[in-house]
Amino acid sequence: MPVPVKNLKQLEFGETVKERVLAILKKDKRHAYSSRELIRLTGGSQVSVGHALRSFMRKGIVKRTKVGKTYYYYYSPRSRKRRARRRRR
């Protein structure tokens, strides 16, 4: 069940959407949220929530799974190994 925003202590005035999304995903680690649910819970725009999720996925903090046409996002502590970058000469 989604966690209502008003029950989260971390959500205060001036907080960014990234911080809100991460707080919600960390609060209930066993629940996966769709982007639509995260938009409703954070009060952010579709663009800002999508950008936050994309940046968290790049960092390996959040993972996603697809059910039908909908992607569900869940918190996953950094478990993947960092890829070694090749230097260009």
Side-chain angles (χ1 to χ4, degrees):
M1 175 169 232
V3 179
V5 174
K6 61 184 175 185
N7 289 344
L8 295 172
K9 289 181 182 177
Q10 298 92 352
L11 302 185
E12 296 175 1
F13 181 74
E15 193 172 37
T16 64
V17 173
K18 277 187 174 184
E19 293 168 346
R20 292 178 187 181
V21 169
L22 193 57
I24 290 170
L25 291 174
K26 278 186 174 181
K27 181 76 174 174
D28 192 6
K29 295 178 183 175
R30 291 179 285 173
H31 184 75
Y33 294 90
S34 68
S35 58
R36 183 177 294 170
E37 291 172 324
L38 289 170
I39 291 166
R40 183 176 54 82
L41 290 172
T42 60
S45 68
Q46 181 180 3
V47 173
S48 60
V49 171
H51 179 73
L53 290 170
R54 190 169 42 253
S55 68
F56 291 146
M57 284 180 51
R58 268 191 236 124
K59 293 177 183 177
I61 299 171
V62 171
K63 292 188 179 180
R64 72 179 179 184
T65 183
K66 187 174 183 180
V67 178
K69 293 182 178 181
T70 307
Y71 284 102
Y72 291 92
Y73 299 88
Y74 58 95
Y75 177 74
S76 175
R78 262 190 136 147
S79 59
R80 71 175 192 175
K81 296 179 182 176
R82 288 188 145 200
R83 295 179 186 170
R85 292 186 179 185
R86 285 182 14 187
R87 287 187 172 180
R88 291 186 182 203
R89 293 182 185 212

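All heavy atoms count here, side chains included; hydrogens, waters and symmetry mates do not. The shown structure was predicted, so the numbers you read here are calculated from the model rather than taken from an experiment. Numbering starts at 1 and runs along the sequence shown.
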I'd like a table of donor-acceptor pairs (distance under 3.5 Å, sequence neighbours excluded) in which one partner is a side-chain atom from residues 50-57, with atom names and distances.
residue: Ser55; atom: OG; partner: His51; partner atom: O; Å: 3.4
residue: Ser55; atom: OG; partner: Ala52; partner atom: O; Å: 2.9

Nearest heavy-atom neighbours spanning Val49 and Ser35:
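Taking Val49 first and Ser35 second, the nearest heavy atoms are CG1-O, 4.4 Å.
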
Closest non-hydrogen atom pair, Ser76 against Lys63
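Heavy-atom minimum between the residues: OG-CE, 3.5 Å.
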
Under the side chain to side chain donor-acceptor pair (under 3.5 Å) rule, collect the residues that match up with Ser48, sequence neighbours excluded.
Ser45

Ring geometry between Tyr33 and His31 (parallel below 30°, tilted from 30 to 60°, perpendicular above 60°)
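Geometry flag for Tyr33 against His31: perpendicular rings.
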
Should Tyr74 and Lys29 be marked as a side-chain contact (heavy atoms from CB on, under 4.5 Å) after you check the CA-CA gap, both sets of side-chain angles, and the distance that decides it?
CA-CA 7 Å; Tyr74 58 95; Lys29 295 178 183 175; over 6 Å; no

Excluding Val67, membership of its hydrophobic cluster (Ile, Leu, Val, Met, Phe, Trp, Tyr; side-chain heavy atoms within less than 4.5 Å) reads Tyr72

Distance, nearest 0.5 Å, that separates OG of Ser34 from NZ of Lys69
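It is 15.5 Å, given to the nearest 0.5 Å.
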
Residues that Lys26 engages under side-chain contact (heavy atoms from CB on, under 4.5 Å), provided they are two or more places apart
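Listed in chain order: Leu22, Tyr75.
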
Any donor-acceptor pair under 3.5 Å linking the side chain of Arg20 with the backbone of Thr42?
yes

